[in-house]
Structure formats: C-alpha cells, structure tokens
Amino acid sequence: MSAPVLSLKDLNKTYGPGCSQCSSLTGPEAERNVCPACNSVVACADISFSLHRGEVLGIVGESGSGKSTLLRAIHFDTEPSSGTMSLRFKNRNNNEENNGLLAGVNGHKGLQGLDVGTNVFLLSSYAKRQLRNHFMGIVYQNPMLGLRMHFSSSGNVAERLLMDGWNNVGRMRERTRTLFKRTEVDISRMDEPPSSFSGGMQQRVQIARALSNEPSLLLLDEVTTGLDVSVQARVLDLLRSLTRELNLATIVVSHDLGVIRLLTSRTLVMKNGRIVESGLTNQILEDPQHPYTQLLVSSKL
Amino acid sequence: MTTPAHMKTKALNRIKLDTWLKENPPGTRIGDGHSFAFLDETTKREIRRKTLKAVAIPGYQVPFGSRELPIARGWGTGGIQLTLSLIGPDDILKVIDQGCDDSVNAVNIKKFVEQVTGVAMTNETARATLIQTRHRIPEQKMTDKQILVLQVPTPEPLRFVEASEEVTRRMHGDADYSSMWLYLYEDIVKYNEITIGSRYPVLVNNRHIMDPSPIPRWDVPMLNMADTLFLFGAGREKRIYAIPPHTDVRPLEFEDYGFRREVFPEGCSLCGSTNCFLDEIVEESSGKRVYTCSDTYHCKRQRNANKGEE
Ligand SMILES: Nc1ncnc2c1ncn2[C@@H]1O[C@H](COP(=O)(O)OP(=O)(O)OP(=O)(O)O)[C@@H](O)[C@H]1O
Ligand SMILES: [Mg+2]
Ligand SMILES: [Zn+2]
C-alpha cells in the first residue's frame, strides 16, 4: 500500500492555559471537555489517524465533541497545541500557470517540495498557505465562512487559482465553467454573487471552489446541515459521485449517521475531544463496540 | 534668546506657512542653535534610519514618527520630512505638484525649504539633485545622482480590498495577495478591463505589492529598473517606503488583460509632444478638448527645442 496522503499523530488542541491534570480530568470517561482544575477546553486530545488516496473518512460525534476543531487544525485555520501532521502531495509542475507576478517570501515562491515526514504544523505561515491552497479544499457548513458573499461566484473559484499564480482570465473562467458544470451551478449566473443564490447552490459554489486546484484532500464540515431534505439529497449525491470520480482523500464531518453511511467507508467516533471508536463504517453502524457509539447508533437509526 | 525652531513645533501646528515665516524672520531660521532644514538632527537621523530600512526592503512600508511642520498634513508633509532629512547645503531642489513647478503648493514648499536651508532651487529636472513631487514622475529620465521624493496620501495598496490595518500587515507578511488579484478579476468581470487609473498597484522585487502614490499609469513603467532612488513619504499615515535603483517593479496585470498606459488622441497643443503624459483641458468657449503636457518643465524645454529647430 502506498504512503498515506495524510497522517496525523497525537493532535491536541486546548483552548486556555492548560494544566497537568487536563488530560486525566477530561474525556469520555469524565464526560466533559472542560478541565475542572484550570477551566481550559480540551477540544481535541491524542487524535491519530491516517488517510489514503480514494478513502472517505467519516467523523461523527455529538455537538462540541471536537469535530470542527480537528478539521480546522488540519486546514491550518487554527494552530494545534501539539501534534504532528505529515502530508504526501503530488508534485505539480505549475510553471505554466506561474505568471512571475506571484509574490514570494524569503526567496521562496509558491509551493516548496516537502521532505517525507515533515511536520507541516511547523512550517511558516506562507508555506502553510501555499500547501493548503495546493493540497486541500474545504467546504464549510456555513457558506459565509467559505465564500465571499458579495464577490462574483466565478471570482470565488478564481481566487484559489489566482493564489496559485494563474494569470489568464480567459483560462480561469474556462476552468470555472467546467467546475460549475460538474457541480451543477447555472453557468449563466456564474458572475452573480453567492448572496443571490439558494443555500444548496451556495454549497455547490463552495464545492467548486474547493475542487478548483485539484486538491488531494477534501474536507467537508456538515455541508448539508441546514439544507432542505430534497436539496440535501442532491448535494450528497453530487459529493458521492465526486469523491469516487476524483479519487480524493476525503474527510466528512457530520453528526448525521445517514450522511456518514452514504459517503464514508471508515469512521471515527468522537466524544469529549477523544476518538472512542474507529473502524469500517458498516461495522460501526451494525455492531458498535463503545457504549457511546451504541447509544448514538440506536437513537439515530 | 530664541527658542530653537524644533521646540516650537507644537505651537506651530497648523499655522500657515506665511504666518510662520512672519514670526520667524530670515536671520532666525538657520544657525545659532537652530537646525539646518528645520528638523533637529535627532529627528533627521531617525528619518534617515527608517529610510535606509525602506531601501533595504524594497516596497515595504516602514513606520516613522511623523513630525509637525508649519504646513498642514495632507499637503505633502511626508515628502517634506524626507526632503528635509536628506537635503544638504550643496543640494539643488526641484519641487513639482502634478507636473507643475509653479503651483501654489509647489511654491510654498520651495519657499519653506529655501528659508530653512538656503539651498538653491531649480525647475530644471537634470540640474536638480533632489526632486520632491506630488503625483508625477518627471518625463526626463533621471540619473543615479538624483533622488525622487514622492508625496503619498494613502500608502496601503491593500486598502482597496481590506479595511483593517492589522490584516493588511499580515497579508504583506505572508505575501497573501490573492484578494488584490481578485479585485482586478472582479473589475474585468464587471467592466471588461482593469479600471484603476492612478495609484496602480505594483509588485516590487517580487515580494511586496506597493502603492506607487497617485501617479498616472503613464509613470508606472518609469519605476522599473530605474537608475534613480525613489522614496515615498506619507505624513498623515506615518510611513516611508522606497524603490532602490535597478529594482524590478511590475504593474499587476493578466496575460489577456495587460497593463496599459494612457493614450491621447493628439499631442500637446503647446509643444507638440506626443510621447508624454498630457492633461486634458476642455475649452469653456468651444467645448473643445485640448491637451497640454502635464510636466510643465518638459513642455517648456520642448518648446525651446522647437524654437532652436526653426
Ligand atoms: N475559539 C474557541 N475558544 C474556546 N473554545 C472553543 C473555541 N472553539 C471551539 N471551542 C470549544 O471546543 C469544543 C469543540 O468544538 P467543535 O466546534 O470542534 O465541536 P463540534 O464537534 O464541531 O461541534 P458541532 O457538532 O456543534 O459543530 C467545544 O466545547 C467548543 O465550545
Ligand atoms: Mg462543528
Ligand atoms: Zn507640451
């Protein structure tokens, strides 16, 4: 088997000062994520997993269990308190797209090659930004987080191409049209702002944006929560065929077991910042081991 | 005994230049405990230090402690402070305001610098060692023996796209300029062209996006790989930045929507020049559009040359 696209080891994220007792006083046994000794929130603790190409991993758990924090840490939106993450990305020859007007920092321009096993959490913020833009795409539950609502929808997709040094407006618009066609966004409305679109359409624009740079890793955080059931089904359908077709490594965060069942092959169950169970999605749904998972499955299904 | 000029600055705040000149008769403006060039030596040294830093990091905005001058802020106080900190007794100064040597503003600045330094003034681009300018670069190519000081109203090029100073600083730190590019993209989507006229953003030394001050697009290519040191001073916003000689300076553009200089339908109505930046004047009587050189010295020189040919 080839090396994983992403491997995460001992990720911790604590909001607050933290203390020596945080770890023992929080977690699923203690049934809390706030440390009674120092009042810090242990949002994620000792999270380790790896993810291969083509794999769709589900993360399920109750509200506040740390799902979004984990995703935000992977996406460099928030800095973890400790942990290592290594990534394997296909080196792309982006010279063709590089217009020379892409600004660099300290003599480095664009994406730099990574040594195997580099802990990417320790890279400079410039390197992280480049890496995120090349390697990852994210879709948030709230489109306000993922889109500039008052810019054109095509601009929202183009922005990521621009970050990558694309310098031809015509080619960017061509790429946007292709993406919108695939995600079923009305091309005749490509220059309208997302604010004029329905919720389902906004998610489709977000998905197109997330896929614009052909990422290796797609992160989906409750992407269908809040949509009408029929709209939800169509967006899920799209995501299912996209993940198969593009052979991406995907992480699907949801508290909806139906979504997890539909999209994922492997699942992590989180509670109070910890992974309490992990395994093949089918097995977890049919024969949950951890009492919390059993509760979750029985109440949901 | 008289109070040194720099200690009066507080009281002088916002007093018009003429009042200041009246209150400070010629004999008291330089020497006898009064600083040459108005600012005290410590202040000038600080500005020069900040200027050196700006030269070392082309296009990067260096904060400095802007001083009060007997000229209201917004009238080129950033540029004047640079000029005062750099000028020596042997310098020859030219001051231009939108290409014009004789505007009230240019004349005021010249009068002030002359009174506090005694240095010679000139309108001739080639003769000046130091040129202070507002919104234009002289048409005549400047040399490595000259410095051009540009007055800057709004030093932050990313203000187009981001209101918060904290955020724009982080964006510069990370060279995170995609929102500026997106701004240009949106312009093209809406108007099928980049509509920025003056203050056209440039990428300096492949590192920082910089506001070249409100010079017309015509002047922007003159910043690239020039022999001259360009210094930019923003008094109100307390920033100095620089383009050292032989620095790569490129206007932001796309392959299929390139940067373009202004084009004029005809030449200067006074001197006939076609290869320079022209001001458009609408004649009141006829409604006819007439073009004249924006750089008044250039126009005069051109006219003299025309006479010589006759
Ligand atoms: N910026 C923050 N400061 C302090 N605490 C935070 C912050 N962000 C999140 N938390 C806390 O971290 C814990 C995990 O939050 P997170 O958003 O990751 O949960 P979640 O599993 O995504 O929940 P939901 O299903 O509601 O989206 C929660 O207790 C939350 O209150
Ligand atoms: Mg969440
Ligand atoms: Zn002329």
Side-chain angles (χ1 to χ4, degrees), chain A residues 76 96-112 123-134 147-177 189-194 209 212-213, chain B residues 56-61 157-158 160-163 166-195 200-210 220 224-225 247-260:
Chain A
F76 304 127
E96 193 210 345
E97 310 298 359
N98 197 332
N99 69 354
L101 282 169
L102 190 67
V105 171
N106 295 334
H108 295 305
K109 197 160 123 171
L111 183 67
Q112 301 298 303
L123 296 175
S124 71
S125 59
Y126 179 79
K128 281 182 193 162
R129 184 177 306 282
Q130 298 297 325
L131 192 54
R132 167 168 62 194
N133 193 48
H134 279 263
L147 296 176
R148 296 177 185 261
M149 288 309 236
H150 301 289
F151 282 66
S152 68
S153 295
S154 68
N156 272 282
V157 175
E159 184 177 14
R160 298 205 46 181
L161 303 173
L162 290 164
M163 272 186 228
D164 218 6
W166 285 49
N167 76 327
N168 186 300
V169 174
R171 289 225 312 282
M172 279 188 279
R173 291 179 70 71
E174 198 44 55
R175 171 97 183 116
T176 304
R177 267 184 222 107
R189 299 180 65 187
M190 68 186 274
D191 294 328
E192 289 181 29
R209 175 181 157 96
S212 57
N213 279 339
Chain B
I57 317 170
Y60 171 74
Q61 300 164 49
L158 302 177
F160 278 120
V161 296
E162 176 55 57
E166 199 190 322
V167 177
T168 52
R169 284 213 201 179
R170 190 205 46 76
M171 289 164 78
H172 283 298
D174 283 353
D176 175 13
Y177 292 136
S178 57
S179 46
M180 189 73 232
W181 284 104
L182 181 58
Y183 177 91
L184 301 181
Y185 173 92
E186 294 282 304
D187 220 16
I188 290 165
V189 165
K190 272 187 229 140
Y191 307 108
N192 202 33
E193 63 174 344
I194 297 171
T195 59
Y200 196 98
V202 292
L203 179 67
V204 178
N205 199 29
N206 291 308
R207 175 60 184 86
H208 287 98
I209 288 186
M210 191 198 87
V220 170
N224 185 40
M225 290 295 166
T247 300
D248 190 88
V249 179
R250 282 175 295 165
L252 302 188
E253 63 179 351
F254 294 106
E255 204 173 70
D256 46 350
Y257 289 85
F259 167 84
R260 277 178 308 175

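Below, read A as the first sequence line, B as the second, and so on, with proteins coming before strands; counting in each chain starts at 1.
- Enclosure of atom CZ in B/Arg170 by more than 12 non-hydrogen atoms of other residues, nucleotides or ligands within 6.0 angstrom is indicated.
- When all heavy atoms of A/Ser125 and B/Asp174 are compared, the pair lying nearest together is OG-OD1, 2.6 Å.
- Judged purely by distance below 3.5 Å, without hydrogens or angles, the side chains of B/Tyr185 and A/Ser152 never pair a donor atom with an acceptor atom.
- The backbone N or O of A/Ala103 lies less than 3.5 Å from no partner atom in the side chain of B/Asn206, so there is not a single donor-acceptor pair.
- When each of A/Ala158, A/Gly170, A/Gly155 is checked for heavy-atom pairs under 4.5 Å with chain B, A/Gly155 comes out on top.
- The distance from atom CZ of B/Arg250 to atom CG of A/Leu101, rounded to the nearest 0.5 Å, is 5.0 Å.
- Using a 4.5 Å heavy-atom threshold, the side chains of A/Arg148 and B/Leu182 count as touching.
- Interatomic distance, OH of B/Tyr183 versus CZ of A/Phe151, reported as 9.5 Å (0.5 Å rounding).
- For B/Ser178, the side chain to side chain contact (heavy atoms under 4.5 Å, CB included) partners two or more places apart in sequence, or in a different chain, are A/Glu159, A/Met163, B/Asp176.
- With chain B as partner, the option from A/Asp191, A/Leu162, A/Val169 having the largest number of non-hydrogen pairs under 4.5 angstrom is A/Val169.
- Using a 4.5 Å heavy-atom threshold, the side chains of A/Asn168 and B/Tyr257 count as separate.
- At least one side-chain heavy atom of A/Arg173 sits less than 4.5 Å from a side-chain heavy atom of B/Val189.
- In this structure, the separation between CG on A/Leu102 and CH2 on B/Trp181 is 8.5 Å, given to the nearest 0.5 Å.
- Contact of A/Ser154 with chain B is made through backbone and side chain together, with heavy-atom distances under 4.5 Å.
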